[in-house]
Amino acid sequence: MIGNLLDLAPNKVSVDLTQYSTVLMGDTGVGKTTTLMKFLKELVPNKEPFFLEFEDRFQNIPGIMAVKIDTMSDFKSVIGQLRNPALKEKFSCIVIDTLDKYEEFCERYVLENRDAEILKDVGGYGEGSLRFKSALRNIGVIQSLGYTVHFIAQSSHSKDFDTKKESDSLKLNKNTFSYCREAAFLVGYMYADGKGERFITFKKSDKYPDLKDTFGLPDKVNVKDLKSVWTKAVEDLGGDFTTKEKTIDKTAPVEDFEAIKSKGIELGGLLASNGHLAEATAVLQKNLGLDENGNVKMFDTLRDTQLDLTKVIVMELEELINKFNIKTN
């Protein structure tokens, strides 16, 4: 619920880097997983980043905290366990490794459990696209538990034979691309120089069309300096409006559906007993519609999965209560 707008203060930019979702892409074998693991441990030394692995190559990385996800039931089991508050003390964040393998995982789940032909329109607007997006959005469920989610992705190299220009981009369909890239604050490309030093660039260009830099980072950053360089960029961006406190929290609030529903029933009863049944019924019809017999659906038909809709109806009933100056207990 939005608080009192009279108390609204200017936005501050946080130097708490743990809250910013990132995508790290690069060629196979360049060291993306190891690099991101070390960086995330540097951010939160007393907790571990938790890697959800959709391929086997993590098994040669010493010290990594990871599980291999083979099936959707595996994935759902992990999400279910992440609801345990004790794991918030163990894991600092979640890493999807790799994003393109996760995309294949979601596509395979839809393919194996639905008519194969519905996958032809993944990336479009048909049933296949909707089912794929539903599987993809399990990431949002993890975020709603209060975890920042990061992504590792393979890059796809291509060359335009007409212009001779070469580029490295994310190897994803447009549903995955838009869902994950648009929510990320940084999308970087990691590479190694001839001396074995690893660098990351976040600057979008013809060569790297999918990159994203929200904070104004330098053209290239040595991975060893990423924390200090990123922190300085945030401080320069925020200026006087900088804070050390977290400013992003996607944890879904716990609300009592039955209490909200009971309040709506009570408000509807008050309106009816004060001669405003028609107005209360109009609110229900606008929000819930009619049943198969053409009657307005009643408040008690609402389910706990319709929490937001229930809250909207209660707010509109409260507006009527105030409009007609009806006293409540």
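Just the heavy atoms: all of them, side chains too, but no hydrogens, waters or symmetry mates, feed the values below. Along the sequence shown, residues are numbered consecutively beginning with 1.
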Linked, directly or transitively: [X] and [Y] (ILVMFWY side chains, under 4.5 Å):
{"X": "Val30", "Y": "Ile152", "answer": "yes"}
{"X": "Met190", "Y": "Phe199", "answer": "no"}
{"X": "Val229", "Y": "Val23", "answer": "no"}
{"X": "Ile79", "Y": "Leu99", "answer": "yes"}
{"X": "Ile69", "Y": "Met37", "answer": "no"}

Which residues pass the side chain to side chain contact (heavy atoms under 4.5 Å, CB included) test with [X], sequence neighbours left out?
{"X": "Lys246", "value": "Asp16, Thr18, Gln19"}
{"X": "Thr243", "value": "Lys12, Ser14, Glu245, Thr247"}
{"X": "Thr22", "value": "His150, Leu186, Trp230"}
{"X": "Gln143", "value": "Ile139, Val149, Lys250"}

Donor-acceptor check, side chain of [X] to backbone of [Y], threshold 3.5 angstrom: yes or no?
{"X": "Ser273", "Y": "Gly269", "answer": "yes"}
{"X": "Asn322", "Y": "Glu319", "answer": "no"}
{"X": "Asp210", "Y": "Leu170", "answer": "yes"}
{"X": "Tyr147", "Y": "Val95", "answer": "no"}
{"X": "Asn287", "Y": "Val283", "answer": "yes"}
{"X": "Ser228", "Y": "Asp225", "answer": "yes"}

Non-hydrogen side-chain atoms of [X] and [Y] separated by less than 4.5 Å:
{"X": "Thr201", "Y": "Val221", "value": "no"}
{"X": "Ile321", "Y": "Leu317", "value": "no"}
{"X": "Phe202", "Y": "Val187", "value": "no"}
{"X": "Arg57", "Y": "Asp97", "value": "no"}
{"X": "Gln285", "Y": "Lys297", "value": "no"}
{"X": "Phe185", "Y": "Ile248", "value": "yes"}
{"X": "Cys93", "Y": "Leu40", "value": "yes"}
{"X": "Glu166", "Y": "His157", "value": "yes"}

Are [X] and [Y] close enough for a salt bridge, meaning some N to O gap below 4.0 Å?
{"X": "Lys203", "Y": "Asp213", "value": "yes"}
{"X": "Lys76", "Y": "Asp74", "value": "no"}
{"X": "Glu48", "Y": "Lys41", "value": "yes"}
{"X": "Lys212", "Y": "Glu182", "value": "no"}

Provide the closest heavy-atom pair for [X] versus [Y] in the form atom of the first, atom of the second, distance.
{"X": "Ala153", "Y": "Thr98", "answer": "CA-CB, 4.4 Å"}
{"X": "Thr242", "Y": "Glu235", "answer": "OG1-O, 3.8 Å"}
{"X": "Leu172", "Y": "Asp100", "answer": "CD2-CA, 3.7 Å"}
{"X": "Thr214", "Y": "Leu237", "answer": "O-CD2, 4.1 Å"}
{"X": "Ser21", "Y": "Ala183", "answer": "CB-O, 4.3 Å"}
{"X": "Leu284", "Y": "Met298", "answer": "CD1-CE, 4.0 Å"}

Enter the distance from [X]:[atom1] to [Y]:[atom2] here, rounded to the nearest 0.5 Å.
{"X": "Leu211", "Y": "Lys204", "atom1": "CG", "atom2": "NZ", "answer": "9.0 Å"}
{"X": "Leu82", "Y": "Leu145", "atom1": "CG", "atom2": "CG", "answer": "6.5 Å"}
{"X": "Leu24", "Y": "Tyr189", "atom1": "CG", "atom2": "OH", "answer": "10.5 Å"}
{"X": "Lys165", "Y": "Ser205", "atom1": "NZ", "atom2": "OG", "answer": "10.0 Å"}
{"X": "Phe58", "Y": "Leu52", "atom1": "CZ", "atom2": "CG", "answer": "10.5 Å"}
{"X": "Lys88", "Y": "Arg83", "atom1": "NZ", "atom2": "CZ", "answer": "12.5 Å"}

Quiz item: Would you say the side chains of Glu107 and Asn173 form a donor-acceptor pair under 3.5 Å?
Solution: yes
Practice problem: Say whether Ser169 and Ser156, considering side chains only, have a donor N or O and an acceptor N or O under 3.5 Å apart. | Solution: no
Please check if the number of heavy atoms outside [X] that lie under 6.0 Å from its [atom1] is greater than 12.
{"X": "Lys311", "atom1": "NZ", "value": "yes"}
{"X": "Asp7", "atom1": "CG", "value": "yes"}
{"X": "Lys207", "atom1": "NZ", "value": "yes"}
{"X": "Phe241", "atom1": "CZ", "value": "no"}

Quiz item: Looking at Tyr20 versus Phe215, is the centre-to-centre ring distance below 6.0 Å?
Solution: yes
Quiz item: For Glu103 and Lys171, what are the C-alpha separation, side-chain angles and deciding distance, and is it a salt bridge (Lys or Arg N to Asp or Glu O under 4.0 Å)?
Solution: CA-CA 10 Å; Glu103 177 184 86; Lys171 189 170 58 175; over 6 Å; no
Practice problem: List the steps, then state whether side-chain contact (heavy atoms from CB on, under 4.5 Å) holds for Leu17 with Thr231. | Solution: CA-CA 7 Å; Leu17 306 183; Thr231 300; 3.6 Å; yes
Using distance only, find each side-chain donor-acceptor pair of residues 260-267 under 3.5 Å and give its atom names and separation, not counting sequence neighbours.
from: Lys261; atom 1: NZ; to: Asp300; atom 2: O; distance (Å): 3.3
from: Lys261; atom 1: NZ; to: Leu302; atom 2: O; distance (Å): 3.3
from: Ser262; atom 1: OG; to: Glu258; atom 2: O; distance (Å): 2.9
from: Lys263; atom 1: NZ; to: Glu318; atom 2: OE2; distance (Å): 2.6

Exercise. Classify the ring geometry between Phe50 and Phe91 as parallel (under 30°), tilted (30 to 60°) or perpendicular (over 60°).
Key: parallel
Quiz item: Step by step, would you call Phe51 with Val67 a side-chain contact (heavy atoms from CB on, under 4.5 Å)?
Solution: CA-CA 7 Å; Phe51 286 73; Val67 294; over 6 Å; no
Quiz prompt | Check against salt bridge (Lys or Arg N to Asp or Glu O under 4.0 Å), Lys101 and Glu53 | solution = CA-CA 9 Å; Lys101 292 296 183 183; Glu53 295 288 345; over 6 Å; no
Quiz item: Who pairs with Lys224 by salt bridge (charged side-chain N to carboxylate O under 4.0 Å, His left out), at least two apart in sequence or on another chain?
Solution: Glu197
